[in-house]
Amino acid sequence: MNADLHCHSTVSDGQLAPAEVAARAHAGGVTLWALTDHDQLGGQREARAAAEALGMGYLSGVEISVTWAGRTVHIVGLNVDVDNQELIDGLAETRSGRRARGEAIGEALAAVGIPDTYEGALQYVNDPAMISRTHFARYLVEKGYAQSTSDVFSKYLGDGKPGYVGHRWSKLADAMKWIKAAGGEAVIAHPGRYDFSPVEFIAFFDEFIQLGGRAIEVVTGSHTPDQYREYAEVARRYGFYASRGSDFHAAGEGRIDLGQLPPLPADLKPVWESLL
Ligand code: AMP
Ligand code: MN
Ligand code: MN
Ligand code: MN
């Protein structure tokens with residue numbers, strides 16, 4: 001099984017339409033795929049239809065933005081019912097602040113001498129309500145302020161940088177409730193990206209488990225090989241199901257393409273075994 005259960009399309013901050021991501025996943029050897037756009041189910045029908053036409057397995061998905069202990073974390077919901085009203089309403093609420101936050105990012109960057117970035121970022125967005133830091137990053141690269149989108153995060157958009165604007169996303173308990181209401185499995189996305197102390201990680205995993213969480217990403221395009229090993233160990237310790245996904249957004253962005261990650265360590269329980 002070549003499962004890739006985390007990636008993005010033009011519905012959020014990816015650069016390919018859902019059917020194009022499906023084709024790229026299939027070309028990359030993926031046999032079980034999930035499109036997991038940020039806070040939005042709008043690409044799910046197109047993704048599933050494209051996967052089925054290619055003979056590729058499909059799990060519906062979404063990546064929910066959450067604020068936990070003042071920090072942003074991402075929770076992937078897999079195998080959710082895309083018609084579940086509680087999930088649909090919760091996601092609409094989650095993304096409702098993006099426009100005002102985008103304007104504030106534009107003002108913050110203008111204050112350090114980089115003008116018109118909100119308008120510039122909008123050129124990269126399908127739906128202005130979905131504006132994200134990735135869209136700002138692409139515009140700043142286009143204008144020569146940085147070499148790559150990850151460079152933009154290090155210089156301008158990451159936590160503590162001049163264009164960073166704090167934001168309150170959904171509560172962990174709410175995101176978990178919506179995923180459960182929709183019959184899905186909640187997965188902690190890219191834990192290696194969270195700047196938590198060991199004590200905070202324990203509190204986070206404990207709360208996730210108390211809220212019914214059972215799965216964690218181990219092999220992801222957002223982790224280094226050292227972090228594959230570190231979070232495989234976490235999965236063993238907590239008895240979590242393990243997930244694998246590239247977090248693909250666009251060709252030439254990010255570490256790895258669809259379907260190209262190493263397999264999960266053989267002793268871990270793959271999350272798809274609980275879902276298929
Ligand atoms: P937002 O939801 O608007 O805060 O944007 C978050 C998105 O920015 C993530 O989903 C990633 O696609 C992207 N991102 C976050 N950190 C980085 C980074 N260090 N390098 C490149 N992209 C990043
Ligand atoms: Mn993204
Ligand atoms: Mn994420
Ligand atoms: Mn993602």
Side-chain angles (χ1 to χ4, degrees), residues 4-16 18 21 34-40 43 61-68 70-78 91 94-106 108-109 117-118 121-122 124-141 145-161 163-170 172 175 186-195 216-217 219-224 227 231 243-256 258:
D4 195 319
L5 305 181
H6 187 152
C7 63
H8 300 272
S9 76
T10 46
V11 166
S12 62
D13 59 351
Q15 277 192 322
L16 300 176
V21 187
L35 177 69
T36 56
D37 277 308
H38 298 287
D39 309 322
Q40 180 49 289
V62 65
E63 181 176 18
I64 306 183
S65 310
V66 163
T67 301
W68 182 84
R71 253 75 72 74
T72 300
V73 300
H74 287 170
I75 301 292
V76 165
L78 292 176
L91 296 176
T94 305
R95 59 183 186 262
S96 64
R98 280 192 179 268
R99 202 186 290 254
R101 171 191 183 241
E103 288 169 356
I105 292 173
L109 290 171
T117 55
Y118 179 63
L122 281 178
Y124 287 87
V125 187
N126 258 8
D127 170 6
M130 289 301 297
I131 190 159
S132 82
R133 287 184 289 166
T134 312
H135 302 112
F136 281 88
R138 291 188 184 127
Y139 178 71
L140 265 67
V141 171
Y145 289 101
Q147 295 288 320
S148 67
T149 52
S150 69
D151 237 20
V152 178
F153 279 84
S154 321
K155 283 163 83 172
Y156 299 111
L157 295 178
D159 196 345
K161 304 299 177 202
Y164 184 79
V165 171
H167 192 71
R168 229 167 232 298
W169 301 105
S170 294
L172 180 63
V187 186
I188 296 173
H190 42 61
R193 268 181 34 190
Y194 308 140
D195 180 25
I216 189 171
E217 286 183 350
V219 174
T220 137
S222 296
H223 282 174
T224 62
Q227 289 172 323
Y231 291 97
S243 192
R244 173 180 187 263
S246 56
D247 209 354
F248 175 83
H249 284 70
E253 269 182 31
R255 273 184 51 235
I256 200 130
L258 288 148

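Nothing fancy with the numbering, it's 1 onward along the sequence. Note that the structure is predicted; figures quoted are calculated from it, not measured. Both counts, for ligands and for their atoms, begin at 1 and track the order of listing.
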Give yes if a backbone or side-chain nitrogen or oxygen of His74 is under 3.5 Å from a nitrogen or oxygen of ligand 1, and no if not.
no

Among all protein non-hydrogen atoms, which one is nearest to atom 12 (O) of ligand 1, and what is the separation to 0.1 Å?
His249 NE2, 2.8 Å

In Asp13, what N, O or S atom is nearest to the Mn ion (ligand 2), if we give its atom name?
OD2

Residue part near ligand 1, for Glu63, under 4.0 Å between non-hydrogen atoms:
neither

So what does the His190 NE2 - the Mn ion (ligand 3) - His74 ND1 angle come to, to 10°?
110°

Do the side chain of Arg98 and the main chain of Ile131 share a donor and acceptor less than 3.5 angstrom apart?
yes

Side chain to side chain contact (heavy atoms under 4.5 Å, CB included) test vs Val76 passes for just one of Val187, Leu5, Val62, namely Val187

Contact (N/O only, under 3.5 Å) between His38 and ligand 1:
yes

Distance check, rounded to the nearest 0.5 Å: Phe136 atom CZ versus Tyr118 atom OH?
7.5 Å

of all protein heavy atoms, closest to atom 19 (N) of ligand 1 is Phe153 CB, 3.6 Å

Side chain or backbone of His167 under 4.0 Å from ligand 1, or both, or neither, by non-hydrogen atoms?
neither

Which of the atoms of ligand 1 are close to Asp13, meaning less than 4.0 Å from one of its heavy atoms?
7 (C), 10 (O), 12 (O)

Distance to 0.1 Å, residue and atom name: give those for the protein heavy atom nearest to atom 6 (C) of ligand 1.
Arg133 NH2, 3.9 Å

Any side-chain donor near an acceptor of the partner, His6 and Glu63, under 3.5 Å:
yes

Output for pair (Leu258 CG, Phe248 CZ), nearest 0.5 Å, gives 5.5 Å

Tell me if the aromatic rings of His223 and His190 count as close, with their centers under 6.0 Å from one another.
no

Residue Arg98 vicinity, atoms of ligand 1 by number, heavy atom under 4.0 Å
1 (P), 2 (O), 3 (O)

Name of whichever N/O/S atom of His38 is nearest to the Mn ion (ligand 2):
NE2

What atoms in ligand 1 come closer than 4.0 Å to a heavy atom of Arg101?
1 (P), 3 (O), 4 (O)

Just by modelled atom types, is the Asp13 backbone N or O under 3.5 Å from a matching donor or acceptor in the His8 side chain?
no

When you measure from the side chain of Asp151 to the backbone of Ala146, do you find a donor-acceptor pair of N or O atoms at a distance under 3.5 Å?
no

How many angstroms lie between atom OH of Tyr124 and atom OG of Ser132, to the nearest 0.5 angstrom?
12.5 Å

Please determine whether Glu63 has a backbone or side-chain N, O or S atom lying under 2.8 Å from the Mn ion (ligand 2).
no

Here the atoms of ligand 1 under 4.0 Å from any heavy atom belonging to Arg193 are 15 (C)

Hey, is Arg71 close enough to Asp159 for a salt bridge, meaning N to O under 4.0 Å?
no

Only heavy atoms of Thr134, strictly under 4.0 Å: list the atoms of ligand 1 that pass.
7 (C), 8 (O), 11 (C), 12 (O), 13 (C)

Closest non-hydrogen atoms of Pro128 and Leu122, given as atom of the first, atom of the second and distance, are CB-CD2, 3.9 Å

Which of the atoms of ligand 1 are close to Ser132, meaning less than 4.0 Å from one of its heavy atoms?
3 (O)

